[in-house]
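Computation of the quantities below employed the complete heavy-atom set of this structure, encompassing side-chain atoms and omitting hydrogens, waters and symmetry-equivalent molecules. Throughout, a chain's letter reflects where its sequence line sits, starting with A, and its residues are numbered from 1.
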Protein chains: 2
Amino acid sequence: MKRRLINQETGELEDKSVIKSVTIDCVIFGFQDGKLEVLLIKHALGIKKGEWGLPGGWIKKEEGIDLAANRLLKELTGLGDIYLEQLKAFGDPNRFPEGRIITIGYYALINKEKYDIKAGFTASEASWFKLEEIPELIYDHNEILNFSLKKLRHRVKHAPIGFNLLPEKFTLLQLMQLYEEILGLKMDKPNFRRKFLKMKLLVDLKEKEKDVSHRAAKLYKFDDRIYQKLTEKGFSFEF
Amino acid sequence: MKRRLINQETGELEDKSVIKSVTIDCVIFGFQDGKLEVLLIKHALGIKKGEWGLPGGWIKKEEGIDLAANRLLKELTGLGDIYLEQLKAFGDPNRFPEGRIITIGYYALINKEKYDIKAGFTASEASWFKLEEIPELIYDHNEILNFSLKKLRHRVKHAPIGFNLLPEKFTLLQLMQLYEEILGLKMDKPNFRRKFLKMKLLVDLKEKEKDVSHRAAKLYKFDDRIYQKLTEKGFSFEF
DNA sequence: TATACTTGTAGTCATATCTACTATAAGATT
DNA sequence: AATCTTATAGTAGATATGACTACAAGTATA
């Protein structure tokens, strides 16, 4: 079934506010209970009703693609100021059976504790999936998701972006477990501490965890201004 | 001047063979006399006549974007089997004043000794530019080029792709100078040798340079199959 | 109150890696 | 034969890494 793009009366493209051939799809990562999670939505309408896929949408005609991705994220989750980065364009001619549509993939990192994402999804059902539980997705969304994972794994080693998945205040063990989960390996606590603290990227909050049934650990936060300053001096984050 | 997209008789999109709103632009890198170079073309027609820009073109309707990039490269330079990788999509609404066009950037690495690229450009003038000599380019092509440089600098440290810019047989000094030029730093010859040879990525060709006015250096080549095998064993290229 | 248990944090040590060198070899040029 | 250029080998101190031990600070349990 081909969609009708032309308005027969005016002879023009219908709905001039969007470019019909380019969409945005977004992989939204969260982190909970030591596990990386991805937010998926269940399509409520159309041919793919009932199937899971990545949240996404159209780009408006006069809107930059980064802006469009931010807007979509805001519409879907109700929040802005989120770590968001473009993956690449996906343009296999058969990726979308109903027509030639190119999609630009993005991925976002959010702090689940801070927001209740699912509240933003009114029309369609939304749910978090751990990596092992991800079902078969519509179109090429599994490919986009796998690409985003590869990108995230690479990026997290070369830029201090992991913090975006954690609460503002976190312990070194939480940070280490985040790295272990994303990179899929086991690390040594003392060595991890030393390596990370040596970078002097973290602010010691002089606070401790509360309500834990063991010795409370120090809390730290990441300060982007410190990172910027270090970067200017030639520092380059490598893990 | 807005282009007419609608055929008034049929009520359909004109020229169904291309998606009018998405193009491809390609940064082609070469390496000569120790310097990184970029291939630019001078526009022969249209508003931008006489100005320099990146080679590019339209994506055909039934063509994947990677395939389209390869086809364009072949049309422009007359050769295939070239290292080519997508950068990302550039979609500022004002990037192209004559209408909303999204471009997907690619970058290619070619061995200049092997081919005479400029022969492929019949219609428009093409020329190599060293990095310091790059003029102001049309649209957002300077931004695309700068992005490609950042990507190349990063990629060359994490994957053995630099070889694509060198002749098939090369000396360790040539390789080192390539790295020095791309990364913009000075290196130590003995240390570079040791580090690179330790990876066991290079094939010692048991040959030496000829017609040099000094002690001839050993020639090496890069063998992708060796790299694949090492990768399977867990090796990861880092420089 | 004492003991075990869990997690945090400090320190040790052998090994590998990086960096800045020096030294020598192999040719070509004068 | 002396000299110059570049290739290639080696060396030694500094630094980083990885595997470990030890102990501290709490909570839970006996």
Side-chain angles (χ1 to χ4, degrees), chain A residues 31 33-35 156-158 160 166-167 169-181 183-222 230 233-239, chain B residues 33-34 156-158 160 166-167 169-181 183-222 230 233-239:
Chain A
F31 184 68
D33 304 327
K35 289 286 186 182
V156 87
K157 287 162 79 174
H158 302 285
L166 293 176
K169 302 174 179 185
F170 51 85
T171 70
L172 284 173
L173 186 60
Q174 284 176 300
L175 186 61
M176 185 180 99
Q177 285 167 344
L178 175 68
Y179 273 83
E180 286 185 333
E181 164 72 1
L183 299 175
L185 42 81
K186 280 286 163 204
M187 292 173 174
D188 177 272
K189 270 194 287 179
N191 292 342
F192 181 90
R193 296 178 67 69
R194 205 172 3 163
K195 194 165 171 184
F196 228 106
L197 290 177
K198 197 176 44 183
M199 296 192 221
K200 299 189 183 303
L201 267 180
L202 300 182
V203 180
D204 182 344
L205 290 169
K206 312 282 183 193
E207 276 181 76
K208 293 194 169 182
E209 289 180 296
K210 279 172 186 150
D211 303 318
V212 285
S213 69
H214 53 77
R215 174 176 172 184
K218 270 190 187 176
L219 289 170
Y220 294 87
K221 71 168 186 174
F222 170 69
L230 286 172
K233 288 184 194 163
F235 166 82
S236 145
F237 183 92
E238 291 279 326
F239 198 82
Chain B
D33 305 325
V156 86
K157 287 163 77 173
H158 302 285
L166 293 176
K169 302 173 178 184
F170 52 85
T171 70
L172 284 172
L173 186 60
Q174 284 176 301
L175 186 60
M176 185 180 98
Q177 285 167 344
L178 175 67
Y179 272 83
E180 287 185 333
E181 165 72 2
L183 299 175
L185 42 82
K186 281 286 163 201
M187 293 172 172
D188 178 273
K189 269 195 285 181
N191 292 341
F192 182 91
R193 297 178 67 70
R194 206 177 352 184
K195 193 166 172 184
F196 228 106
L197 290 175
K198 197 176 43 183
M199 297 191 222
K200 300 190 182 302
L201 268 180
L202 300 182
V203 180
D204 182 342
L205 289 168
K206 313 279 182 196
E207 277 181 75
K208 292 193 170 185
E209 289 179 294
K210 278 171 187 151
D211 304 317
V212 285
S213 68
H214 53 77
R215 173 176 172 185
K218 272 191 187 175
L219 289 171
Y220 294 87
K221 72 167 184 174
F222 170 69
L230 286 173
K233 288 184 194 163
F235 167 81
S236 147
F237 182 92
E238 291 280 325
F239 198 83

Between [X] ([atom1]) and [N] ([atom2]), how many Å, whole number?
| X | N | atom1 | atom2 | value |
| --- | --- | --- | --- | --- |
| F192(A) | dG18(D) | CZ | P | 13 Å |
| L173(A) | dT6(C) | CG | P | 15 Å |
| L197(A) | dG8(C) | CG | P | 13 Å |
| D211(B) | dT29(C) | CG | P | 10 Å |
| F239(B) | dC18(C) | CZ | C1' | 12 Å |
| K189(B) | dC18(C) | NZ | P | 20 Å |
| R194(A) | dC13(C) | CZ | C1' | 11 Å |
| E238(B) | dA16(C) | CD | C1' | 16 Å |

With a 3.5 Å cut-off and just heavy-atom distances, do the side chain of R215(A) and the base of dA25(D) make a donor-acceptor pair?
-> no
Under-3.5 Å donor-acceptor pair between R193(B) side chain and dT6(D) base | no
When you match S213(B) and D188(B) each to their closest nucleotide on DNA chain D, which lands nearer the 5' end?
-> S213(B)
When the ring centroid of F196(B) is compared with that of Y220(B), is the distance short of 6.0 Å?
-> no
Have a look at L172(A) and say if it touches a base, only the backbone sugar-phosphate, or nothing, with a 4.0 Å heavy-atom cut-off.
-> nothing
When all nucleic acid strands are considered with a 4.0 Å heavy-atom cut-off, which category describes K186(A): base, sugar-phosphate, or nothing?
-> nothing
Closer than 4.0 angstrom, basic N to acidic O: yes or no for [X] and [Y]?
| X | Y | result |
| --- | --- | --- |
| K218(B) | E207(B) | no |
| K157(A) | E238(A) | no |
| E180(B) | K186(B) | yes |

Out of dT6(D), dG8(C), dC21(C), which nucleotide sits closest to the side chain of P190(B)?
-> dC21(C)
Against the side chain of N191(B), the closest entry in dG10(D), dA20(C), dT27(D) is dA20(C)
With respect to Y179(A), which candidate in F31(A), F239(A), F170(A) satisfies the ring pair (Phe, Tyr, Trp, His ring centres under 6.0 Å) definition?
-> F239(A)
Within the pair K218(A) and dT9(C), is there a side-chain N or O less than 4.0 Å away from OP1 or OP2?
-> no
Within the pair K208(B) and dG27(C), is there a side-chain N or O less than 4.0 Å away from OP1 or OP2?
-> yes
